[in-house]
> 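Can you keep this structure in mind? I'll have questions shortly.
Below, chain A is the first sequence line, B the second, and so on; all start at residue 1.
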2 protein chains.
Amino acid sequence: MKYNHTEAIEKATQLFWQKGFQASGMRDIQHALDMRPGSIYARFKSKDVLFQTVVEQYNECNRRKLVEVANAVSPINALREFIITPLTGSEDKRYARQCLLVKTIPELDLLGINCQQVVMEGITTSRECFILVIESAIDKNELPANTPVSNAADWLMNQFIGLRAYASINDDDMGIKFMVDKLFIDLTSAWPETQALSE
Amino acid sequence: MKYNHTEAIEKATQLFWQKGFQASGMRDIQHALDMRPGSIYARFKSKDVLFQTVVEQYNECNRRKLVEVANAVSPINALREFIITPLTGSEDKRYARQCLLVKTIPELDLLGINCQQVVMEGITTSRECFILVIESAIDKNELPANTPVSNAADWLMNQFIGLRAYASINDDDMGIKFMVDKLFIDLTSAWPETQALSE
DNA sequence: GCTTTACTTGAACACTTGTTCAAGTAATAA
DNA sequence: TTATTACTTGAACAAGTGTTCAAGTAAAGC
């Protein structure tokens, strides 16, 4: 049977996402990819680099989806879809409710320095994409023009992260729906005074 | 030098809070407590039970603080204080910005079943205390009477968790202040329609 | 003083971890 | 067929983990 790169990375992603970096032992990986240690080390230099490859793909996928949201006819509706999708995944994909990057942060200093960078880049990129979404929503009159873009993007991203963490340990679908609804009420409601830039 | 139980647990708390359960090796613990393995195992049955003891104390401390907030003259003001305190800890106590329980959740199944239970109890208790706080605030006319207590408590707790996670990887004090202000605006603003109980 | 009890020590143990590499197998080229 | 190249295998390794326990030390009781 021939080796399939895409499939191997998919399997690795699934494992890392479920168990985290540290808890996914090389023996688990060997089993998941149905490959022997030598083969794995021939293709990926180490467990660390394998994980990095996984995260790189995760980031790219994430970025693409968020740009789509920003370019949608109704960014707010698209955003709602984007947010709800991972929260309501079926039981067998529950592990995907939690963000892989967020899950990785506590393990950050177990990773090689390059790998750490890739993880942090993913977060930075996400933040930038959320800014795009908000700008686009303002542009299309779905959000008030005086929305404080940068702060609101931080806020929005944090809300999303919090929601995913909540959903990953909480089954109550009604509760999740409540929180999402609340998020969109608050998104369009008042913002705190932002400090003047110079003083 | 005589053994000091309180101090030992304090040191252990600090270590676990900084590095997490798994990453705190027995050798780290030995060094932090300045005790040899045999002594540690004589007092605490295992690393697991030591961690459990730490979490039990953490939970009790947390509960006490939240009950104080509920019983304060102005629960909302007390709540603001309660929320801001861990977010603005000095640089050398940055580790305490993240909630110990939240930090532990990803490692939950490395723990013994009793220890797992103690961690989950901590979260449940927190939730119950947040309900008390909201009820008290309604009672004292600081929140509208139609606030959906249970859902709002879930929401509030999740906001707090999210904020602590944000503050633990983000230095920007102005950004943190912005988020806290936003939280209190949203706390007193509109809530989504809650589904009827029977249908 | 001596005996008994309580506590401490740290080398050693069994097990798990990520990683290596000589040997083996399959595919391709001549 | 034979020679060369590309890839795979899995036992073995070094370093790390939580834990044990026989031996040692200090304290308390008489």
> Ring centres under 6.0 Å, that's the criterion: do A:W155 and B:F178 meet it?
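No.
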
> Would you indicate, yes or no, if D:dT19 has its OP1 or OP2 atom less than 4.0 angstrom from a side-chain nitrogen or oxygen of B:Y41?
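For D:dT19, OP1/OP2 do have a side-chain N/O of B:Y41 under 4.0 Å.
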
> Classify the angle between the aromatic ring planes of B:F160 and B:F82 as parallel (below 30°), tilted (30 to 60°) or perpendicular (above 60°).
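Rings of B:F160 and B:F82: tilted, as their planes differ by 30° to 60°.
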
> Distance check needed: D:dT8 P versus A:D34 CG, whole Å only.
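After rounding, the reported distance stands at 12 Å.
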
> Take the protein atom CZ of A:F21 and the nucleotide atom C1' of C:dT17, then report the distance between them rounded to whole Å.
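Checked: the CZ to C1' distance equals 11 Å.
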
> Can you build the contact string for nucleotides 10-15 of chain D? Use B for base contact, S for sugar-phosphate-only contact, and - for no protein heavy atom under 4.0 Å.
BB----

> CD1 of B:I40 versus P of C:dT9: gap in Å, rounded?
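That distance rounds to 10 Å.
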
> For a quick check under 3.5 Å, do B:T13 and B:Q57 share a side-chain donor-acceptor pair by atom type?
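B:T13 vs B:Q57: no donor-acceptor pair found between side chains.
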
> Take atom CG of A:L33 and atom P of D:dT8, then tell me their distance rounded to the nearest Å.
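To the nearest whole Å, that distance equals 12 Å.
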
> Start at the 5' end of DNA chain C and walk down; is the nucleotide closest to A:A23 or to B:R43 reached first?
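Looking at the nearest nucleotide for each, B:R43 comes out on the 5' side.
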
> Closest heavy-atom contact between B:F51 and B:C115?
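Smallest interatomic distance, heavy atoms only, reads CD2-SG, 3.6 Å.
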
> Using whole Å, what does the distance between atom C1' of nucleotide D:dT17 and atom CD of A:Q22 come to?
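Spelled out: CD on A:Q22 to C1' on D:dT17 is 11 Å.
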
> Starting at CZ of B:R127, measure out to CE of B:M157 and round the result to the nearest 0.5 Å.
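So the gap between those two atoms works out to 8.0 Å.
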
> So which atom in B:L15 and which in B:A32 form the shortest heavy-atom distance, rounded to 0.1 Å?
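Result for this residue pair: CD2-CB, 4.2 Å.
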
> Distance check needed: D:dC7 P versus A:Y3 OH, whole Å only.
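It works out to 11 Å between those atoms.
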
> Do side-chain atoms of B:Y58 reach the backbone of B:L100 as a donor and acceptor pair under 3.5 angstrom?
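Checked: pair present.
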
> A:S46 side chain: which of D:dG18, C:dT19, C:dT8 is closest?
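Taking heavy atoms from C-beta onward, the closest nucleotide is C:dT19.
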
> Please give, in whole Å, the distance from C:dT19 P to A:Q30 CD?
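Whole-Å distance recorded here is 11 Å.
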
> Whole-Å distance between C:dT17 P and A:D28 CG?
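Result: 7 Å.
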
